[in-house]
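Index from 1, following the sequence. FYI, side chains are in, hydrogens and waters are out, and symmetry mates aren't considered; it's all heavy atoms of this structure.
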Amino acid sequence: MRVMRIATAAAMTALMAGSAAAQTAPARQDPPARGATAAGTLQPTEVRREPRMLQRPDFQIADGVVATVNDQIITGFDLRQRMLLIIAMSEVEPTPEDLPQIERQALESLIDERLQAQEIARYPDLKVTDEEVAEEIEAMAAELRTTGEAYLNLLGQVGIQPQTIREQVRVSIGWRRLYGGRFGSRSRVSRAQVDQAMRQVEEAATKRQYLIGEIFLEAAQTQGGMQGAVNGAQQLIRQMIQGAPFQNVAQQFSDAPSAVRGGDAGWVVEGTLHPALQQAMDNLDVGQLSNPIVVDGGVYIIYMRDKRQGTATQLVSLRQVMIELPDTASDDAVLTAGRRLDALQPELTCDNMLARATSETGLLGTDLGESDLQSVIPQFQEAVADAPQGTIVGPVRTPLGVHLVGVCGRRVGSAALPSRAEVEGRLQRSQLSMLERRYMRDLRADALIERK
């Protein structure tokens, strides 16, 4: 079920300075034949230092009615606006071959949005005010360190009108409230379910694990069925090899529940997936993107982010205080920042470092949580590798600034073992996502939808 996703900072960074969390390819190339396991390698990006503005795509959509959803119409103008938004969010550079797929994606997302709006209208008390819409847009813009007005102006530069964003945000807020209120209590999980999940997690800790990104194209939702899904997957693969960020493409095109997280499927365990997916994961190297993988019901694209053996590992809980400095900052600026942190370091503990950062101008404090030492960025990894628990190390220079790092916890365990609360939260989110998808399927089944 393809529902247009509201952009977050991760998706919209592409509009201002690219996607620092995504990836680029070393050179533009076409994917190899489907018989090969890997379509190409996606290299982690460096932080882009210069803003990169998107070009307005050049395509035409005829005016008039393109579809009706019950008694509401979707016009050619609506369709063009949605296509522009998908292109902007996913950062693809559409070719004439890509446009039909983008058009189908845009139309299906508009149909779902009309159904959601009609369902919301059935509940008179479920009102989303202009102020709430403005607050949501301001929050999205704040993550990009800009204002709501500047954010809308930025989208306007590629032809997306402010009202398009406002109405999409309005429906998104209302829909979240509707299905959250309707199914929130039903998404709760029992103690027995959590116990069973914890046992499965513990058993999996000794097996090989894969950190993957996924894109799934459901054949039933794709024009041309399975072959259409394969063709669509090949087009998306080509776009990602040419530089479209995997996370953004997944967020806009994937039918998997992980689409809302940019395709992040997290760590998956050997032997728990479809044999075709398992074979691909075994053969993909870290950083590689698969060719289309056909399974029952659709087609997957897998991005291998990392692999690990299911062995015990060193877990560290880190906090940081930092002074932001770009990678291009002068030596004097770095030295000045380092001296300030040197002076502050003796006064810091794991308990007070975040409060101190909040109280002083020019400092940022962050709780980095617990993670496998091997997954920590190299600069931090080297600094904290032998540091005892409770110590504050640094200053440490990274491309983002100068840091003091607090080693606030250290234990030997398995990074594959989440806490009981985390497991329960995952189960609840999965249950709520399943109920929401079923809700949308029922709305579609009961609707009168005509495509012109």
Side-chain angles (χ1 to χ4, degrees), residues 1-6 8 10 112-113 115-129 132 135-136 139-140 169-205 207 209 211-214 216 218 221 250-251 254-269 271-274 297 315 317 367 369-371 413-447:
M1 190 60 57
R2 297 194 175 109
V3 180
M4 186 67 186
R5 285 104 189 171
I6 294 294
T8 62
D112 284 340
E113 193 171 288
L115 291 171
Q116 291 170 358
Q118 291 168 11
E119 187 70 0
I120 292 167
R122 294 179 54 222
Y123 299 86
D125 294 336
L126 187 54
K127 299 292 185 183
V128 179
T129 66
E132 289 172 320
E135 287 175 5
E136 181 94 351
M140 294 159 62
V169 168
R170 189 185 305 277
V171 174
S172 177
I173 294 172
W175 181 246
R176 289 198 306 265
R177 288 180 183 171
L178 178 56
Y179 77 76
R182 185 168 182 174
F183 301 124
S185 60
R186 291 173 57 185
S187 67
R188 294 173 185 166
V189 293
S190 67
R191 183 181 184 86
Q193 288 174 299
V194 179
D195 289 342
Q196 181 181 5
M198 288 296 295
R199 287 194 295 270
Q200 291 171 343
V201 165
E202 290 167 0
E203 291 170 1
K207 298 180 181 179
Q209 296 140 25
L211 182 62
I212 65 169
E214 63 176 0
F216 178 65
E218 187 176 352
Q221 297 294 326
Q251 189 177 46
S254 178
D255 291 315
S258 62
V260 297
R261 302 185 300 277
D264 180 7
W267 287 98
V268 298
V269 178
T272 61
L273 297 179
H274 188 284
L315 304 180
S317 297
D367 188 340
E370 183 180 68
S371 59
S414 171
L417 290 177
S419 69
R420 186 179 181 87
E422 290 172 331
V423 169
E424 184 174 3
R426 291 176 189 175
L427 291 174
Q428 288 178 337
R429 289 191 295 272
S430 176
Q431 178 76 355
L432 185 59
S433 176
M434 180 193 68
L435 292 169
E436 188 255 347
R437 294 196 305 274
R438 185 181 300 168
Y439 194 4
M440 281 303 308
R441 284 197 297 266
D442 290 343
L443 290 179
R444 272 188 170 249
D446 293 338

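- Salt-bridge formation is not detected for the pair Arg176/Glu436: no Lys NZ or Arg NE/NH1/NH2 atom is positioned less than 4.0 Å from an Asp or Glu carboxylate oxygen.
- Atoms CG and CZ, from Asp255 and Arg437 in turn, are 10.0 Å apart once rounded to the nearest 0.5 Å.
- Summarising the geometry of Ile120 relative to Val171, their closest heavy-atom pair is CD1-O, 3.7 Å, with the distance given to 0.1 Å.
- Looking at Leu435 and Arg186, their side chains come closer than 4.5 Å, going by heavy atoms from C-beta outward.
- Between the side chain of Arg170 and the backbone N or O of Val128, at least one donor-acceptor pair lies under 3.5 Å.
- Using a distance-only test at 3.5 Å, with no hydrogens or angles considered, no donor-acceptor pair links the side chain of Asp264 to the main chain of Gly213.
- The OG atom of Ser433 sits 13.5 Å away from atom CD of Gln428, with the distance rounded to the nearest 0.5 Å.
- Of the possible polar contacts, none joining the Ser258 side chain to the Ala265 backbone as a donor-acceptor pair under 3.5 Å is found.
- Heavy atoms only, all atoms of each residue included: Gly184 and Leu432 are closest at N-CD1, 4.4 Å.
- When all heavy atoms of Glu214 and Ala250 are compared, the pair lying nearest together is O-CB, 4.1 Å.
- Atom CZ in Arg122 sits 4.5 Å away from atom CD in Glu119 (nearest 0.5 Å).
- Of the charged side-chain nitrogens involved, none lies within less than 4.0 Å of a carboxylate oxygen, so that Arg188 and Glu424 do not count as a salt-bridged pair.
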Checking side chain to side chain contact (heavy atoms under 4.5 Å, CB included) for the pair Gln251/Val260: CA distance, chi angles, key distance, verdict? CA-CA 6 Å; Gln251 189 177 46; Val260 297; over 6 Å; no
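- Scanning all heavy atoms of the two residues, the minimum distance from Ala197 to Leu427 falls at CB-CD1, 3.9 Å.
- Taking 4.5 Å as the limit, every side-chain heavy atom of Leu443 sits out of range of all side-chain heavy atoms of Gln118.
- Between Gln193 and Gln196, every side-chain heavy-atom pair lies at or beyond the 4.5 Å cut-off.
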Can Tyr439 and Arg182 be said to form a side chain to side chain contact (heavy atoms under 4.5 Å, CB included), step by step? CA-CA 10 Å; Tyr439 194 4; Arg182 185 168 182 174; 2.7 Å; yes
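- Here CD1 of Ile173 is found 8.5 Å from CD of Glu135. Values are rounded to the nearest 0.5 Å.
- In this structure, Asp367 CG and Ser317 OG are separated by 8.0 Å, a value rounded to the nearest 0.5 Å.
- Applying the ring pair (Phe, Tyr, Trp, His ring centres under 6.0 Å) criterion to Tyr179, with sequence neighbours excluded, gives Trp175.
- With sequence neighbours excluded, the residues that form a side-chain contact (heavy atoms from CB on, under 4.5 Å) with Ala447 are Asn70, Leu115, Ile449.
- A distance of 6.5 Å separates OG of Ser172 from CD of Glu136, quoted to the nearest 0.5 Å.
- Side-chain contact check for Met440 versus Gln116: some heavy-atom pair is nearer than 4.5 Å.
- A search for salt bridge (charged side-chain N to carboxylate O under 4.0 Å, His left out) contacts involving Arg429 returns nothing, not counting sequence neighbours.
- With a 4.5 Å cut-off on side-chain heavy atoms, Glu132 and Val169 do not count as touching.
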